[in-house]
Protein chains: 2
Amino acid sequence: MIQLDEADRTILVLLQQDDRQTYVQIGAQVGLSPATVHDRVRKLERRGALMGYQARVSPRAVGLPVTAFISLNLDGGQSCRSVTPTLEAFPEIEECHSVAGDTDLLLKVRVPSTEALEELNYRLKCLEGVVRTQSLIILSTRFEDRPRIPAPLGREEHV
Amino acid sequence: MIQLDEADRTILVLLQQDDRQTYVQIGAQVGLSPATVHDRVRKLERRGALMGYQARVSPRAVGLPVTAFISLNLDGGQSCRSVTPTLEAFPEIEECHSVAGDTDLLLKVRVPSTEALEELNYRLKCLEGVVRTQSLIILSTRFEDRPRIPAPLGREEHV
DNA sequence: CTTGAAATAATATCGGG
DNA sequence: CCCGATATTATTTCAAG
């Protein structure tokens, strides 16, 4: 785990809310000069706490209004290993998690239509090692893309 | 649906990959001047295609190594409406979707430990209108935070 | 680790094609 | 809608406390 002081945490919170904030503005909040903020940001990047900067694009706006979660059951073979790179090649798959439970993989997907979801589902079923799929369609998203770090974040668990 | 030409799409793709790219760099890719790129970006923001800019923060780095999906069953009462704002007040809930199927709401959550997940689960069960919860723990994340717009994005479906 | 100041590079604005 | 030029701001570097 990366050690972060309070200033680092605040910087992360501010940047994940809006990374277009200037180092001057951020510096004012944390009580540091812009140069120091710059320095800390570079360090956070190198240490892996800051993994990138991305614009949030409305899925609706770009023609991907349908969101769904798809559960995948895999056979026991070594295809379990090889299936991840294959899935990564599907642009409609936004997330891919390995889970504990009834299924093996959980995917979050974005598609233009329910017809496209059906089509995607079919293509997944055809993959080597996939024995079953199950789709869960999102009716509406109440919220997502929320900051991951709650502002204060209670003190660390001692492991 | 927002109408986007090819340049707009390219701009969105580039910005969602890395929104620190300069308008000079983007302009070179799409064959437009920096001033024009600037202009288009502002328009994309106003039209709602660009919803914000956020730094991606490593959940591990900030002490939230455990990810889970929690399904919620609600009673039929009007508490269905009031539960969303309540959930939004939970900082550990990153996403909240209304789904079609066995359950009513699907949450994506980040917590410091499995103990914290247990605690969260308990707090959710106690909420007015929640009759059942079910947790699905993520063992490992193969990928997430992927761009939502695949580079070319096949031609529009005609509805 | 921090800073102010200087050098560099970006964004924002605007008149006009 | 697009551009070039200008003005304004921000980032980046650096020598030094």
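Letters A, B, ... are given to chains in the order of the sequence lines, protein chains preceding strands, and every chain is numbered from 1.
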Quiz prompt | Separation of atom CG in A:Asp19 from atom P in D:dT11, rounded to whole Å | solution = 11 Å
Quiz item: A:Asp18 has an atom CG; how far is it from atom P of D:dA10, in whole Å?
Solution: 13 Å
Quiz prompt | Presence of A:Arg42 side-chain N/O under 4.0 Å of D:dT12 phosphate oxygens OP1/OP2 | solution = yes
Quiz item: When you list every nucleotide of DNA chain C with an atom under 4.0 Å from a heavy atom of chain A, which one comes first 5' to 3', and which comes last?
Solution: C:dC1 to C:dG4
Quiz item: So, B:Arg142 side chain and A:Glu88 main chain: donor-acceptor pair closer than 3.5 Å or not?
Solution: no
Quiz item: Are the charged groups of B:Arg20 and A:Asp19 less than 4.0 angstrom apart, N to O?
Solution: yes
Quiz item: Are A:Lys108 and B:Glu94 within salt-bridge range, i.e. N to O under 4.0 Å?
Solution: no
Quiz item: Between atom OH in B:Tyr23 and atom P in D:dC2, what is the gap in whole Å?
Solution: 15 Å
Quiz item: Salt bridge or not for B:Asp5 and B:Arg40, using N-O below 4.0 Å?
Solution: yes
Quiz item: So, are B:Glu45 and B:Arg42 salt-bridged, with charged N and O less than 4.0 Å apart?
Solution: yes
Practice problem: Using a heavy-atom cut-off of under 4.0 Å over every strand shown, decide if B:Asp39 touches base, sugar-phosphate, or nothing. | Solution: nothing
Exercise. Using heavy atoms to find the nearest nucleotide of DNA chain C for A:Arg20 and A:Ser33 separately, return the residue whose nucleotide is more 5′.
Key: A:Ser33
Quiz item: What pair of heavy atoms forms the shortest contact from B:Asp145 to A:Gln54, and how long is it?
Solution: O-NE2, 3.4 Å
Practice problem: Would you mind reading off the distance between B:His38 atom NE2 and D:dA5 atom P, rounded to a whole angstrom? | Solution: 18 Å
Exercise. With heavy atoms under 4.0 Å as the rule, sort B:Thr22 into base, sugar-phosphate or nothing.
Key: sugar-phosphate
